[in-house]
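Structure record follows, encoded as C-alpha cells.
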Amino acid sequence: MINIEPAYEAKKYENKIYQKWEKSSSFKPKKLKSKSNKDSFVISMPPPNATGILHLGHATMLALQDIMIRFNRMQGKSTLWIPGTDHAGIATQSVVEKNLQKQGIQNPRKELGREKLLKEIKKFVETSKDQIRNQIRKMGASCDWTREKYTLHEDMNLAVNTLFSRMYKDDLIYHGSRIVNWDPKMKTTVADDEVEYVEEKTKFYYFKYGPVTIGTARPETKFLDKIIVVNPKDKRFKHLIGKEFDVEWIEGKVKAKVIGDECVDMKLGTGAMTITPAHSLVDFELSQKYKIESHQIIDFDGKIRKDVSKEFGGMDILEAREKIVEKLQKKGLVTKIDEEYVHNLSVNYRGKGTIEPQIMKQWFIDVNKKVIQWKGKKRSIKEVLQDTVKSKMIEIVPNKFDKIYFHWIDNLRDWCISRQIWWGHQIPIWYKANKEQYQEFHAQKDVSSYNLGILGIGKESKFSLTKPTGNYWIQDPDTFDTWFSSALWTFATLGWPKKTPELKQFHPTNVLETGYDILFFWVARMILASTYALRKDKLAEKDCIPFKTVYLHGLIRDRHGKKMSKSHPETCIDPLDMIEKYGTDALRLSLVVGSTPGNDMRLYEEKIAGYRNFVNKIWNAGRFALLNIDAKDFKTAFTVKNVKTDNDKWILTQLQKLIKEVDVDLNKYRFSDAANKVYEFIWNQFCDWYLEESKGPSKNSAILLFVLKNILKLLHPFVPFVSEALWSFIDKKNQLINEKWPEYDQRLVFKKESSTVELAHQIITGIRSARSELKVEPNKKISAVIYAANSTKNLESQRENLMKLARLESLELKYHGEKIKNAKTIIIKNIEIHLPLANLIDFAKEKVKLTKEIESKTTYLNSLQNKLNNPGFLKNASKEVIQKEKERLELEKENLVKLKEQMQSLN
RNA sequence: GGGCGAUUAGCUCAGUUGGUAGAGCGUCCGCUUGACUUGCGGAAGGCCAGUGGUUCGAAUCCACUAUCGCCCACCA
C-alpha cells in the first residue's frame, strides 16, 4: 500500500525535487545527432540585476519561461535555458554607495578611490548573486546552471570590447561633444530613455530683456544669454530680427542679438526667448545651427560656476534662482511671476536625481550611418532595427507593440554609451597625456571623464584602442552603459566572438520573454547588437537576429492596480513569502493564470491561496487514484483493450480534447488559457465526475493510472513540483521532467459514448438541483422515473451512476410513459425526469415558476422562429449555423410542449 | 500635443474568423456522501461604459463621446 499524506506539503518536496533534477543533469540540453537549430529550443534568461532581491517581475518571467522550457523539453527538443546576472552599473554602484554612506563614508568615490570602491561593490555582488541563484532555484526554474553567465565576466568583456572596436573601425562610434543628460546626484550621464518625467509645479518668471519680454522657469541658467530668438512669422517681433541691442541684465549690460527661427512657438510664453546652449537640448540644437558659442553655467555638482558669477557662483540651483529673481526685481526687470506653472521635471529613472543637461564629450553610436550589409544594401542601425520586425523575422507578442517599437526607432537619436561610473566595462580607449596631466589625473581619487575634459586630454588624434606601449597613457575612466553589454546577451553567452558549436546550434534563440517596460532599453538593443555583430561575421541575415519571438509580459500590480513598491507593505507581495506560505506551484499558477501578454495583472494573496487549494486538489486526486490502482497495472503498459465502460470512454475523450487544446495554446503563447483548461479538466471533470464514478464496482484501475499519468505530464510545465512529487509514486526510476509530452490519439476518442455520459451528468445535476430546491435531506434516497425516448438504451448503461450520484433508491427508465401526478418534473433536452415527491412540493410556487419558464421559452422560441423565417438569415448564415438553429428550434418546441403538459398535470 | 490600451456578475478577469454571456473569489442555502473543510452539492447575481453605424444577427467590426491607465514627445 502506498503511504501518501492527505495534504500536500510543498516544503517537504520542493528542495529535494529541485536537487534531484539538477543532479541528474535534467536541465542540460540533450546531445542531438543533427545540430540544427530547428531541433533546439533556447531561451536566454533576462539576467536579474545583481543587486539582490527577487521580485514578482522576476517570478513571473521565471514561471513563464520555465513553462516554455519544460513544454519543449518534454517534446524532445534539445532545450537550453541560460541563466545569469547583470552587473547593472548605475543601480549597483548607487546601492553600494548608499550603504557606505550609511556606514559614515560621506563621499565614497572621493574617499575610497576607484580600486577600493570597486572592491566593495564586488564583495556586495558576490553575496547578492548567491541570493539570486537560490531564489531562481526556489521558483523551480529548470535552467542550465553549468552555463551560468554574468555580464561583467571576462568573456563578456572580450565580447563587449570586440563589438566596440568593430563599431569603432566602422566609424559607427564617435567621441563627441553633445548635450547629454547629466545626473548631478549620481554624477553620470544617462541615456535618453533612462530619463523619466515627473510633473512639478513651479514658478514661471517674465523678465524684461531689452526689446522683448522673455519667460522662463530657470532664471539661474540665463547669466550669459545674449541671443534672442523669435519666430520670423511673428508680426510682433519680425522687425527686430538681425538687430543688436544693449540690454540691462543680471550682472550689468550685455550685447544681445535677435535671430529668427521657425522652432519658436508664438503662442508659448511671450513668443520670444533667449537661449542657453549648455543646459537645454533645444537651445543646443539652435546653437549648432547658428554657430552660437556656449558656456557652461552650472557645474557637474549642480552649482553655479564660480567663474561665471562672483555673486552667485557656488550657489545651489534653487538658491541662485531666488537670489537672481530678487536682484532682477530690484532692477525693475521682473514683469510678472506665474505661481502655478506646471511642467515636467526630468529625472534619472535610477535614483531620481534631477537631470541637468550638460555639454560633454561622450561616446556615441551613430544610428543613421549606413554600414550594415543587410538584404543586399548598406543600411543603418535604424533601418535594420526596423526591418527585423517589419519583415516578421522577429515577431512581437502581442503585436500591438510593433507600432510602439517603430515609433521609438523613428525618434531614436545617437546612443550615448559612456557612463561616468566605475562599475562596469571600462571603455577600451587610451589617451596620450603629458607628464603633468598624467600626474594630476592620478592624484585625484574621483576620476571621471570630466576630469579629462578639464585637463584637456582626449583629443581625437591621441586615441588608441588597445593599451599602447610608452608612458603617460590614460585609459578612459568611464564605463559602458549597462545596456551596451547586456545587448550582447543572446550570443555572447554562447561564446561569441569565438565561433563555438553552441553558437551554431543554439542561436538565434527562440523566445525572449521579458516585461514590456524594457522593450527599448534591452530588447531593441539586443536586436541592434546581434544584427550588427553577426552580420559582420558573415552569417545569413536570418541567423543574425537574437531571437525569433519576443514575448512581453505585463507588470504585476497590487489589488488596487497600483505598482507594487516597498513603500506600501500592506499590498506589496514578496514572492519568497508566498512560496513559504503556499508553495512555489501555487505562486507560479497565480502569476500565469489571468495574465495575458502585454497587459498588467493584479495580484493579491487570496488568489495565491486559491491556487494552493488547487495544488492540494491535484495532490488528492493523485492520492485517491494511487490508492485505487492495482499493483499489476503499474507494471503493464496501457492499451486500448483496457477501455471498458462508457465513463472510461468519456474521460479519455475529454483528455484527448484537452491534449489537443493545451498544445495549441502553448504553441500560441496562451499560457493562461492552457493552465485554465488543465485546471478545469482536473477539477470539474476528472475529480467531480470520473473519480466519483470510480467509487464502486465499475472502477477501472488501468484507466485511472493512464489518465493520472497524462494529467501529471500536462501539469508539469505549470506546477513542476507537485506533479513530480506524485510521479515519484508511480515511477521510482524516471523523473517526470524527462517524460514525453502527451500526444493526441484518435483511437481514444469515443463520441457516442461520451455524449451519453454527458447526458447522464446533466440528468444527475438536474435531480440534484431539484432535491436541493425541495429541501430533500442530502442522505435521503428518492425514486425517479425517467422517460428518455431515443436515449433510453444508452442511458441504461448509466443506471449505476445515476442511482449513486443522484442518490436514488429506485430508477424506472423507459422510452416513454404516462404523466405522473404530483411529481416534480425536470426536462432535459427531450427527456422527462419525474420525481414523485408530492409531500414536499409547493404546488403554487411550482406553478409560478413554470409559468415564468413557459413565458421565457415562448419568447425565445419566437425569436428562433423569426430568425429561421428571415430570408436574410437563410441567405447569409452558414449551413452549420442554420442547421444548429433548426435543431435548437425543434428541441425547444418539444421542450415547451412538455412544460405545458407539466403545467396541466399540476392542475 | 501624439499614440496605445482598458471599460463584461459585488471583486479579479476570460470570452481565439460576429450566431441565446463564462470562470475563480465573495455572497446565500445545505452537507463529515469510501482522496481532498485547502472539501462536497445547490442557488442568486450581467440592457457586456454611452450614442450612432455596418449586418439577417454585434460584448465581438466601424465612428464618436465619457472615465481610467500607460507610453512617447516636450513646454524656452
Side-chain angles (χ1 to χ4, degrees), chain A residues 4 6-8 193 197 204 214-218 221-222 229 263-265 268-270 272-276 280-283 286 341-344 346 398 400-401 403-404 407-408 410-411 516-517 519-520 555 557 559 561 582 586 593-596 598-604 606-607 609-628 664-665 668 670 672-673 676 679-680 684 687-688 691-692 695-696 765 768-773 775-779 804-805 807 860 863-864 866-867 870-878 880-882 884-885 888 892:
Chain A
I4 176 166
Y8 174 60
D193 35 25
Y197 296 95
F204 194 76
I214 57 163
T216 182
R218 303 208 52 193
T221 64
K222 305 237 154 270
V229 194
C263 80
V264 175
D265 183 348
L268 200 67
T270 60
M273 65 178 193
T274 61
I275 59 173
T276 314
S280 154
L281 179 67
V282 182
D283 294 8
L286 275 172
Y341 181 67
V342 179
H343 76 147
N344 287 325
S346 318
K400 68 174 177 185
F401 283 96
K403 263 189 192 172
I404 300 172
H407 183 252
W408 177 79
D410 290 342
N411 289 297
Y516 64 76
D517 51 330
L519 177 62
F520 308 137
L555 265 44
R557 297 174 176 279
R559 72 171 76 239
Y582 302 107
V593 179
S595 124
T596 44
N599 291 321
D600 294 352
M601 188 187 69
R602 298 181 194 208
L603 186 70
Y604 37 92
E606 297 94 296
K607 187 174 172 187
Y611 286 107
R612 185 268 324 265
N613 297 353
F614 174 57
V615 168
N616 191 56
K617 187 77 182 176
I618 297 169
W619 179 258
N620 271 286
R623 179 172 186 247
F624 178 81
L626 286 165
L627 294 174
N628 283 283
V664 171
D665 284 340
K668 293 194 171 174
R670 297 192 296 233
S672 175
D673 290 356
N676 260 327
Y679 178 105
E680 202 274 339
N684 303 123
C687 290
D688 286 353
L691 290 187
E692 289 306 317
K695 292 173 181 172
T765 304
R768 279 173 174 172
S769 174
R771 290 178 59 118
S772 177
E773 199 184 297
K775 301 202 188 315
V776 179
E777 290 285 322
N779 283 329
K804 184 168 61 189
L805 298 179
R807 301 220 138 234
Y860 179 52
S863 80
L864 271 177
N866 287 340
K867 198 188 257 188
N870 185 334
F873 175 73
L874 294 172
K875 200 177 135 206
N876 298 316
S878 74
E880 294 83 46
V881 171
I882 295 172
K884 222 167 130 191
E885 297 291 15
R888 210 175 259 162
E892 291 301 327

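The analysis underlying the following values was restricted to heavy atoms, covering all of them including side chains, and did not include hydrogens, waters or symmetry mates.
Residue A:Tyr197 is in base contact, counting any heavy-atom pair closer than 4.0 Å across all strands shown. Backbone-only contact: A:Arg623 has heavy atoms under 4.0 Å from sugar-phosphate atoms and none from a base. Among the heavy atoms of the strands lying under 4.0 Å from A:Lys222 are primed sugar atoms or P, OP1, OP2 only; no base atom is included. At a threshold of 4.0 angstrom between heavy atoms, the contacts of A:Val881 include nucleobase atoms, whether or not backbone atoms are also involved. Using a 4.0 Å heavy-atom criterion, one finds that A:Glu892 contacts the bases of the nucleic acid, with or without backbone contacts as well. In this structure, A:Gly598 reaches neither bases nor backbone, as no heavy-atom distance under 4.0 Å exists between it and the strands shown. Contacts of A:Thr276 with the nucleic acid, taken as non-hydrogen atoms under 4.0 Å apart, are absent. Among the atoms of the strands shown, none is found under 4.0 Å from any heavy atom of A:Ser280. Heavy atoms of A:Asp688 sit under 4.0 angstrom from primed sugar atoms or phosphate atoms, though from no base atom. Residue A:Thr274 is in sugar-phosphate contact alone, with no base atom involved, counting any heavy-atom pair closer than 4.0 Å across all strands shown.
Within 3.5 Å, a donor on the side chain of A:Lys617 pairs with an acceptor on the base of B:C36, or the reverse. Judged by distance alone, with hydrogens and angles left aside, A:Glu692 brings a side-chain donor or acceptor within reach of the base of B:A35, the pair sitting under 3.5 Å. Contact of A:Lys695 with B:A35 (side chain to base): a donor-acceptor pair of N or O atoms is detected under 3.5 Å. Checked by distance alone, A:Asn344 brings a side-chain donor or acceptor within 3.5 Å of a matching partner on the base of B:C74.
If you take CG of A:Leu281 and P of B:C74, they are 6 Å apart, rounded to a whole angstrom. For the pair A:Asn684 CG and B:G22 C1', the computed distance is 12 Å after rounding to whole Å. In this structure, A:Phe401 atom CZ and B:G5 atom C1' are separated by 9 Å, rounded to whole Å. Summarising the geometry, the separation between CZ on A:Arg771 and C1' on B:C40 is reported as 14 Å, rounded to the nearest angstrom. Between the CG atom of A:Leu874 and the P atom of B:G57 there is a distance of 13 Å, given to the nearest Å. As rounded to whole Å, 14 Å separates atom P of B:G18 from atom CD of A:Glu880. In this structure, CD of A:Glu773 is placed 18 Å from P of B:G41, rounded to the nearest angstrom. In this structure, the CD atom of A:Glu885 is 16 Å from the P atom of B:G18, given to the nearest Å.
Here the nucleotide nearest the side chain of A:Arg807, chosen from B:A14, B:U33, B:G19, is B:U33. The side chain of A:Arg557 sits closest to B:C70 out of B:G41, B:A76, B:C70. For A:Pro6, whose side chain is taken as the heavy atoms from C-beta onward, the closest listed nucleotide among B:A14, B:C36, B:A76 is B:C36. Considering only side-chain atoms of A:Ser772, the nucleotide from B:C72, B:G19, B:G42 that sits closest is B:G42. Considering only the side chain of A:Pro778, B:C31 comes nearest among B:G42, B:G19, B:C31. Side-chain proximity of A:Ser769 to the nucleotides B:A43, B:A76, B:C71 is greatest for B:A43. Ranking B:G39, B:A76, B:C36 by closeness to the A:Asn613 side chain, first place goes to B:G39.
Look at the C1' atom in both B:G22 and B:C61: the space between them is 22 Å, to the nearest Å. When the P atom is used for both B:G3 and B:U65, the distance is 12 Å, rounded to whole Å. The same atom, C1', is picked in B:G10 and in B:A44; the two are 12 Å apart, to the nearest Å. Comparing the C1' positions of B:U55 and B:C74 gives an interatomic distance of 44 Å, to the nearest angstrom. Atom C1' of B:G45 sits at a distance of 14 Å from the matching atom of B:A23, rounded to the whole Å. B:G53 and B:U12 are spaced 33 Å apart, taking the P atom of each and rounding to whole Å.
Taking the nucleotide of RNA chain B with the nearest heavy atom to each of A:Met601 and A:Asn616, the more 5' of the two is matched to A:Met601. Residue order along RNA chain B, read from the 5' end via each residue's closest nucleotide, puts A:Tyr611 first among A:Phe614 and A:Tyr611.
For B:U12, one of the phosphate oxygens OP1 or OP2 lies less than 4.0 angstrom from a side-chain nitrogen or oxygen of A:Arg602. Within the 4.0 Å cut-off from OP1 or OP2 of B:A14, at least one side-chain nitrogen or oxygen of A:Thr596 is found. Residue A:Lys403 places at least one side-chain N or O closer than 4.0 Å to OP1 or OP2 of B:C4. Look at A:Ser878 and you won't find any side-chain N or O under 4.0 angstrom from OP1 or OP2 of B:G19. OP1 and OP2 of B:C31 both lie 4.0 Å or more from every side-chain N or O belonging to A:Asn779. Dashed line: the shortest gap from a side-chain N or O of A:Arg888 to OP1 or OP2 of B:U20 is under 4.0 Å.
For the pair A:Lys222 (side chain) and A:Thr216 (backbone), a donor-acceptor distance under 3.5 Å is absent. At least one donor-acceptor pair under 3.5 Å links the side chain of A:Asn411 to the backbone N or O of A:His407.
Listed by first residue number, the stems of RNA chain B with at least three Watson-Crick or G-U pairs below 3.5 Å are B:1-7 with B:66-72, B:10-13 with B:22-25, B:27-31 with B:39-43, B:49-53 with B:61-65.
Using a 4.5 Å heavy-atom cutoff, the side chains of A:Ile618 and A:Phe614 are in contact. Side-chain contact between A:Val593 and A:Tyr679: absent, with no pair of heavy atoms (C-beta onward) separated by less than 4.5 Å. Contact of the A:Phe873 side chain with the A:Val881 side chain is registered, since non-hydrogen atoms from C-beta on lie closer than 4.5 Å. A:Glu606 places a side-chain heavy atom less than 4.5 Å from the side chain of A:Arg559. Side-chain atoms of A:Val664 and A:Arg670, non-hydrogen and from C-beta on, do get closer than 4.5 Å to each other.
If you take CZ on A:Phe624 and CD on A:Glu692, they are separated by 7.0 Å, rounding to the nearest 0.5 Å.
For A:Lys400 and A:Tyr516, the positive end is not near the middle of the six-membered ring at less than 6.0 Å and at most 45° from its axis.
When every heavy atom of A:Gly598 is checked against every heavy atom of A:Pro398, the shortest pair comes out as N-CD, 3.8 Å.
Judged by ring centres under 5.5 Å apart and planes tilted less than 30 degrees, A:Tyr860 stacks against the six-membered base ring of B:U20.
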> Between A:Asn628 and A:Lys695, does a side-chain contact (heavy atoms from CB on, under 4.5 Å) hold up when you go through it step by step?
Replying inline: CA-CA 9 Å; A:Asn628 283 283; A:Lys695 292 173 181 172; over 6 Å; no
